[in-house]
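Note that the structure is predicted; figures quoted are calculated from it, not measured. Atoms within a ligand are numbered from 1 in the order they appear, just like the ligands themselves.
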Amino acid sequence: MERIMGGGVFQMVLASAGLLLLYRILVRLRPGTALQDAVVVITGGSSGLGKECARVFHAAGARLVLCGRDAGRLQQVIQELTDSSTGSQRQTYTPCRVTFDLADTDTVDRAAEEILKCYGHVDVLINNAGISYRGNILDTNLSVQRDVMETNYFGPIALTQALLPSMVQRRSGHIVVISSVQGKMAIPYRSAYAASKHATQAYFDCLRAEIERYGIPVTVISPGYIRTSLSLNAVTGDGSKYGVLDKTTASGRDPLDVARAVLRAVRQRSEDVVLAGPLPSLALYLRTLWPALFFKLMSSRARKEQKPKDE
Ligand SMILES: NC(=O)C1=CN([C@@H]2O[C@H](COP(=O)(O)OP(=O)(O)OC[C@H]3O[C@@H](n4cnc5c(N)ncnc54)[C@H](OP(=O)(O)O)[C@@H]3O)[C@@H](O)[C@H]2O)C=CC1
Ligand SMILES: CCCCCCCCCCCCCCCC(=O)OCC(=O)COP(=O)(O)O
């Protein structure tokens with residue numbers, strides 16, 4: 001009897017896994033939204049993942065609006081993209097640029113107006129810009145916790161809220177946010193960053209439910225480590241720059257590869273995408289299913305990493 005039951009359970013698990021695999025294949029094969037001529041806004045378009053997103057959306061025929069704080073760096077990206085499109089089979093467009101600081105939410109409304117002036121509307125907003133943080137909570141100024149929250153949370157939500165009314169009016173648009181696996185699990189010495197990404201996940205999950213009725217999808221993308229300048233640009237507990245290219249960052253996933261996954265998620269109108277390797281994925285399951293063990297592992301990690309650079 002037990003053998004029969006055991007066999008039955010095994011077959012059920014196998015069948016479920018097969019169905020899940022089939023579902024994933026079908027989702028991938030589903031014809032996606034066309035991006036030719038779509039107006040795509042990318043924040044943090046001057047470097048790292050944002051720059052690679054600019055590359056793949058530009059090549060797909062999108063009309064880009066690139067945002068960042070440094071006009072010169074944005075112009076350099078625009079030049080690279082225009083140079084690369086010579087001989088392209090597809091119609092491509094010279095991107096527009098809008099310069100503003102996401103941490104200064106007072107300027108975001110002005111920036112949204114400027115963004116809308118580029119092409120008259122926005123089809124896809126990719127909230128990508130962000131900064132990270134390295135530090136021990138005990139030695140971190142509250143102002144640093146606030147600053148990271150301004151750039152990673154309040155800035156993107158202010159921009160989203162400024163652009164949403166025009167999307168709702170047209171009953172068309174798509175909101176995307178680049179979060180992190182640290183938006184789903186918190187690891188030691190990343191308090192400001194992980195908190196800002198958890199807030200991001202929660203806000204955009206609420207938004208998804210609230211604007212579904214207007215036909216506007218919300219996509220939250222949670223990558224693991226990517227090979228960019230994120231750790232170099234991270235802030236420490238006293239507000240100074242960390243300035244180190246961490247091994248984890250240097251050995252992270254190719255940003256172009258991640259950008260292609262972002263493009264796929266936009267085409268498929270995916271809701272929640274985790275782009276992480278087996279270990280962080282396992283850690284995410286552990287956080288949900290066996291939190292006590294997850295917390296023990298994090299405490300041990302905190303003890304081992306007792307000396308972040310700013311101590
Ligand atoms: N690299 C990684 O391991 C991972 C990154 N991510 C996320 O990916 C996103 C992109 O980061 P990544 O490309 O890695 O890092 P980079 O440091 O290379 O790029 C960050 C971008 O954000 C822009 N930015 C930073 N602060 C502001 C601000 N106050 N106002 C406007 N723009 C700003 C920068 O533009 P400029 O300085 O020109 O203004 C830059 O273009 C971030 O949200 C990050 O959290 C998620 C998981 C892993
Ligand atoms: C019983 C088996 C247990 C196996 C679980 C082991 C737990 C291992 C913990 C793994 C933690 C992974 C952290 C991944 C963090 C990450 O990818 O972050 C992405 C970023 O946003 C990077 O930003 P950062 O500034 O931190 O470089």
Side-chain angles (χ1 to χ4, degrees), residues 42-54 66-77 97-105 107-108 111 126-135 147-156 158-159 176-194 196-197 200 220-235 241-242 244-255 258-259 262 274-287 289-290 293-298 300-301 305 308:
I42 304 175
T43 68
S46 60
S47 72
L49 178 58
K51 181 175 170 180
E52 298 310 317
C53 283
L66 298 184
C67 308
R69 287 169 298 183
D70 185 328
R73 288 202 328 145
L74 288 174
Q75 196 49 47
Q76 227 173 309
V77 175
R97 64 158 206 241
V98 175
T99 336
F100 66 102
D101 186 344
L102 273 168
D104 179 3
T105 36
T107 65
V108 173
I126 304 183
N127 287 299
N128 160 77
I131 49 164
S132 194
Y133 150 90
R134 302 283 184 276
D147 290 347
V148 174
M149 212 67 185
E150 290 292 347
T151 303
N152 291 1
Y153 178 69
F154 286 107
L159 184 62
V176 180
V177 63
I178 308 298
S179 179
S180 159
V181 293
Q182 292 186 49
K184 293 177 185 284
M185 69 177 164
I187 64 174
Y189 308 119
R190 294 291 185 281
S191 58
Y193 182 68
S196 71
K197 295 295 187 179
T200 297
V220 178
I221 299 184
S222 303
Y225 294 110
I226 314 170
R227 207 165 54 240
T228 67
S229 305
L230 188 75
S231 74
L232 274 172
N233 294 331
V235 284
K241 213 167 165 172
Y242 177 63
V244 177
L245 181 65
D246 281 345
K247 259 195 208 148
T248 45
T249 317
S251 59
R253 204 164 153 185
D254 180 346
V258 179
V262 173
V274 175
L275 300 171
L279 201 63
S281 302
L282 189 63
L284 285 180
Y285 282 113
L286 209 61
R287 171 67 184 86
L289 300 174
W290 197 355
L293 178 58
F294 176 82
F295 297 144
K296 281 260 173 300
L297 288 168
M298 290 304 113
S300 136
R301 191 181 168 107
E305 286 178 22

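- A distance of 7.0 Å separates CD of Glu305 from CZ of Arg190, quoted to the nearest 0.5 Å.
- Taking OG of Ser300 as the start and CE of Met298 as the end, the distance is 8.0 Å to the nearest 0.5 Å.
- Protein residues are said to neighbour a ligand when one of their heavy atoms lies under 4.0 Å from it; for ligand 2 these are Ser132, Arg134, Ser180, Val181, Gln182, Met185, Arg190, Tyr193, Pro223, Gly224, Tyr225, Leu230, Leu282, Ala283, Leu286, Met298, Arg301.
- Checking side-chain atoms of Asn128 against main-chain N and O of Ile42 turns up no donor-acceptor pair under 3.5 Å.
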Acceptor/donor pairs from residues 66-74 side chains to any protein atom, 3.5 angstrom cut, sequence neighbours excluded:
residue : atom : partner : partner atom : Å
Asp70   : OD1  : Gly72   : N            : 2.9
Asp70   : OD1  : Arg73   : N            : 3.2
Arg73   : NH2  : Ser46   : OG           : 3.3

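- A distance-only check finds no donor-acceptor pair linking the side chain of Asp254 to the backbone of Arg227 [under 3.5 Å].
- When atom types are taken as modelled, the side chain of Thr249 and the backbone of Leu245 share no donor-acceptor pair closer than 3.5 angstrom.
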What are the distances between nitrogen or oxygen atoms of ligand 1 and protein nitrogen or oxygen atoms, counting only those under 3.5 Å?
residue  : atom   : partner : partner atom : Å
ligand 1 : 1 (N)  : Ile226  : O            : 3.2
ligand 1 : 1 (N)  : Thr228  : OG1          : 2.9
ligand 1 : 3 (O)  : Ile226  : N            : 2.8
ligand 1 : 3 (O)  : Ile226  : O            : 3.4
ligand 1 : 13 (O) : Leu49   : N            : 2.8
ligand 1 : 14 (O) : Thr228  : OG1          : 2.6
ligand 1 : 17 (O) : Asn233  : ND2          : 3.0
ligand 1 : 18 (O) : Ser47   : OG           : 3.0
ligand 1 : 19 (O) : Ser47   : OG           : 3.2
ligand 1 : 22 (O) : Gly130  : N            : 3.4
ligand 1 : 26 (N) : Arg69   : NH2          : 3.2
ligand 1 : 29 (N) : Asp101  : OD1          : 2.8
ligand 1 : 30 (N) : Leu102  : N            : 2.9
ligand 1 : 35 (O) : Ser46   : OG           : 3.1
ligand 1 : 37 (O) : Arg69   : NH2          : 2.9
ligand 1 : 37 (O) : Arg73   : NH2          : 3.4
ligand 1 : 38 (O) : Ser46   : OG           : 2.7
ligand 1 : 38 (O) : Arg73   : NH2          : 3.0
ligand 1 : 39 (O) : Arg69   : N            : 2.8
ligand 1 : 39 (O) : Arg69   : NE           : 2.8
ligand 1 : 41 (O) : Gly44   : O            : 3.2
ligand 1 : 41 (O) : Ser46   : OG           : 2.8
ligand 1 : 41 (O) : Ser47   : OG           : 3.4
ligand 1 : 43 (O) : Asn128  : O            : 2.7
ligand 1 : 43 (O) : Lys197  : NZ           : 3.0
ligand 1 : 45 (O) : Tyr193  : OH           : 2.7
ligand 1 : 45 (O) : Lys197  : NZ           : 3.0

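- Remark: side-chain polar atoms of Asp246 are not paired, donor with acceptor, to backbone N or O of Thr248 under 3.5 angstrom.
- From Asn127, atom CG reaches atom CD1 of Ile221 across 11.0 Å, with rounding to the nearest 0.5 Å.
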Indicate every side-chain donor-acceptor pair of residues 178-188 with a distance under 3.5 Å to a residue at least two apart or in another chain.
residue : atom : partner : partner atom : Å
Ser180  : OG   : Gln182  : N            : 2.8
Lys184  : NZ   : Gln201  : OE1          : 3.3
Lys184  : NZ   : Asp272  : OD1          : 3.4
Lys184  : NZ   : Asp272  : OD2          : 2.8

